[in-house]
Amino acid sequence: MEPSFLSCYQMRLRTELKQMTYDEFVNLLTNLDGDTPFMKTLQIRMTSKKDLPEYLHAEKTRQNLVMSERGYFNRREQLMMDYIAC
């Protein structure tokens, strides 16, 4: 995330975060350029592999492995099961 803030806003996030309010941070985060590393990663994670260009398939696989290791898929499945149970 820090490289994205640096490239988009020319700001060192770790330094500026101390003086920043939560609302300011969220505003900056939601307005990051699509060309930043953070936004590219989000785009890859949110897009199904079949909808990505071929050159991004390996990165999509890598991102899925990272998310799986962190337990994101298990949490998503649990949230869906909780939602269905309601």
Side-chain angles (χ1 to χ4, degrees):
M1 189 178 300
E2 191 160 345
S4 297
F5 273 72
L6 186 59
S7 69
C8 189
Y9 303 119
Q10 294 73 47
M11 128 186 344
R12 298 228 176 253
L13 185 58
R14 290 178 197 217
T15 308
E16 298 294 326
L17 199 55
K18 296 171 189 168
Q19 296 91 16
M20 196 181 298
T21 67
Y22 176 76
D23 289 337
E24 289 172 319
F25 171 74
V26 169
N27 186 42
L28 292 171
L29 182 62
T30 56
N31 289 300
L32 278 173
D33 289 343
D35 240 10
T36 60
F38 181 73
M39 295 305 287
K40 286 180 182 178
T41 299
L42 278 182
Q43 186 65 34
I44 290 168
R45 286 183 178 181
M46 293 171 35
T47 305
S48 69
K49 192 173 182 178
K50 67 178 176 61
D51 294 331
L52 286 171
E54 182 72 31
Y55 72 93
L56 289 175
H57 285 194
E59 180 62 20
K60 174 69 173 180
T61 300
R62 190 182 77 73
Q63 290 293 332
N64 283 349
L65 286 173
V66 168
M67 291 170 57
S68 178
E69 288 170 358
R70 293 179 181 171
Y72 293 137
F73 295 127
N74 295 339
R75 282 185 258 174
R76 183 184 66 180
E77 290 170 7
Q78 185 59 49
L79 287 172
M80 288 301 293
M81 294 302 282
D82 291 347
Y83 178 76
I84 291 170
C86 288

Return the [atom1] to [atom2] distance between [X] and [Y], rounded to the nearest 0.5 Å.
X   : Y   : atom1 : atom2 : value
E69 : N64 : CD    : CG    : 11.0 Å
M46 : K60 : CE    : NZ    : 9.5 Å
I44 : R62 : CD1   : CZ    : 8.5 Å
L6  : T36 : CG    : OG1   : 11.5 Å

*Any donor-acceptor pair under 3.5 Å from T41 side chain to P37 backbone*: yes
*Examine distances only and state if a side-chain atom of E24 and a backbone atom of T21 form a donor-acceptor pair shorter than 3.5 Å.*
yes
*Among all residues two or more places apart in sequence or in another chain, which pass the ring-ring contact (aromatic ring centres under 6.0 Å, His included) test with F38?*
none
Side chains of [X] and [Y], heavy atoms from C-beta outward: is any pair under 4.5 Å?
X   : Y   : answer
E59 : L52 : no
L13 : F25 : yes
N31 : Y9  : yes

*L17-V26 co-clustered via ILVMFWY side chain contacts under 4.5 Å*: yes
*State plainly whether one hydrophobic cluster holds both M20 and Y22, where clusters connect Ile, Leu, Val, Met, Phe, Trp and Tyr through side-chain heavy atoms under 4.5 angstrom apart.*
yes
*Near R12 CZ, under 6.0 Å, is it more than 12 heavy atoms from other residues, nucleotides or ligands?*
no
*Regarding K40 and S4, is there a side-chain donor-to-acceptor distance under 3.5 Å anywhere?*
no
*asked:* Is a donor from one side chain sitting under 3.5 angstrom from an acceptor on the other, for S48 and D51?
replied: yes
*Considering all heavy atoms of both residues, which atom of L28 and which atom of F5 are nearest to each other, and what is their separation?*
CB-CE2, 3.6 Å
*Could you pull out the closest heavy-atom pair between D33 and M39, with the gap in Å?*
O-CG, 3.1 Å
